[in-house]
Amino acid sequence: MGEKTRVHAIIEGRVQGVCFRMATQKTAERIGVTGWVRNKSDGTVEAIFEGDQDAVESVLDWCRRGGPPSGRVDDMKLTRQDYQAQFPGFNIRY
């Protein structure tokens with residue numbers, strides 16, 4: 001196991017109405033990252049990703065490439081935080 005990390009992300013672009021949250025959840029679960037994702041009223045998507053540094057970076061790279069096929073990511077604001085082992089899985093928040 002590698003070093004653990006936690007990243008708070010605000011993702012901008014065509015990220016709502018394109019199944020971005022569901023695809024993010026499936027990607028995070030497949031890679032072994034925990035946390036959550038939700039739509040914000042300003043049209044962005046917010047997420048917390050926790051896990052092994054390499055796994056979290058893989059999910060972030062997937063997001064940077066635009067997420068699901070019909071998505072487009074124009075910008076991501078990332079805040080690195082202390083790992084907290086807070087989540088048992090990865091959920092969509094409403």
S.K.: Test side-chain contact (heavy atoms from CB on, under 4.5 Å) on Thr24 and Trp62; report intermediate values, then the result.
M.R.: CA-CA 9 Å; Thr24 301; Trp62 175 87; 3.3 Å; yes
S.K.: If every non-hydrogen atom of Phe20 is compared with every non-hydrogen atom of Gly67, which pair is closest and at what distance?
M.R.: CE1-CA, 3.8 Å
S.K.: Counting distance only, does the side-chain N/O of Glu29 pair as donor-acceptor with the main-chain N or O of Gly89 below 3.5 Å?
M.R.: no
S.K.: Judged by atom type as modelled, is there a donor-acceptor pair below 3.5 Å linking the side chain of Glu50 to the main-chain atoms of Gln86?
M.R.: yes
S.K.: Assess whether side-chain contact (heavy atoms from CB on, under 4.5 Å) is satisfied between Asn39 and Tyr94, documenting all intermediate values.
M.R.: CA-CA 7 Å; Asn39 285 344; Tyr94 297 94; over 6 Å; no
S.K.: So, for Tyr83 and Thr5, which heavy atoms are closest and what is the spacing to 0.1 Å?
M.R.: CD1-O, 3.4 Å
S.K.: Measure the OG1-CD distance between Thr44 and Gln16 for me, rounded to the nearest 0.5 Å.
M.R.: 7.0 Å
S.K.: From Cys19 SG over to Gln25 CD, what is the distance, rounded to the nearest 0.5 angstrom?
M.R.: 12.0 Å
S.K.: Write down the atom of Arg21, the atom of Val37, and the distance for their closest heavy-atom approach.
M.R.: O-CG1, 3.7 Å
S.K.: Any sub-3.5 Å donor-acceptor pair from Glu46's side-chain atoms to Lys40's backbone N or O?
M.R.: no
S.K.: Would you say Phe49 and Cys63 make side-chain contact, with heavy atoms under 4.5 Å?
M.R.: yes
S.K.: Start with the C-alpha distance between Val7 and Ile48, add both sets of side-chain angles, then the distance that settles side-chain contact (heavy atoms from CB on, under 4.5 Å), and finish with yes or no.
M.R.: CA-CA 6 Å; Val7 176; Ile48 295 281; over 6 Å; no
S.K.: Give me the atom names and distance for the closest heavy-atom approach of Asp82 to Arg6.
M.R.: O-CD, 3.4 Å
S.K.: Are any of the side-chain nitrogens in Glu12 or Lys77 under 4.0 Å away from the carboxylate oxygens of its partner?
M.R.: yes
S.K.: Using every non-hydrogen atom in the two residues, find where Arg72 and Asp74 come nearest and quote the distance to one decimal.
M.R.: NE-OD1, 2.8 Å
S.K.: Can we say Lys4 and Asp52 salt-bridge, meaning some charged N sits less than 4.0 Å from an Asp/Glu carboxylate O?
M.R.: yes
S.K.: Looking at Asp75, I want to see if its CG is surrounded by more than 12 non-hydrogen atoms of other residues, nucleotides or ligands under 6.0 Å.
M.R.: yes
S.K.: If hydrophobic clusters are built by linking Ile, Leu, Val, Met, Phe, Trp and Tyr wherever their side-chain heavy atoms come under 4.5 Å apart, do Trp36 and Ile92 end up in the same one?
M.R.: no
S.K.: Using 0.5 Å steps for rounding, measure from the CD atom of Glu57 to the CD1 atom of Ile31.
M.R.: 11.0 Å
S.K.: Identify the two heavy atoms, one from Arg93 and one from Phe87, that lie closest to each other, and give their separation to 0.1 Å.
M.R.: NH2-CE2, 3.9 Å
S.K.: Answer yes or no: is there a side-chain heavy-atom contact under 4.5 Å between Val73 and Val15?
M.R.: yes
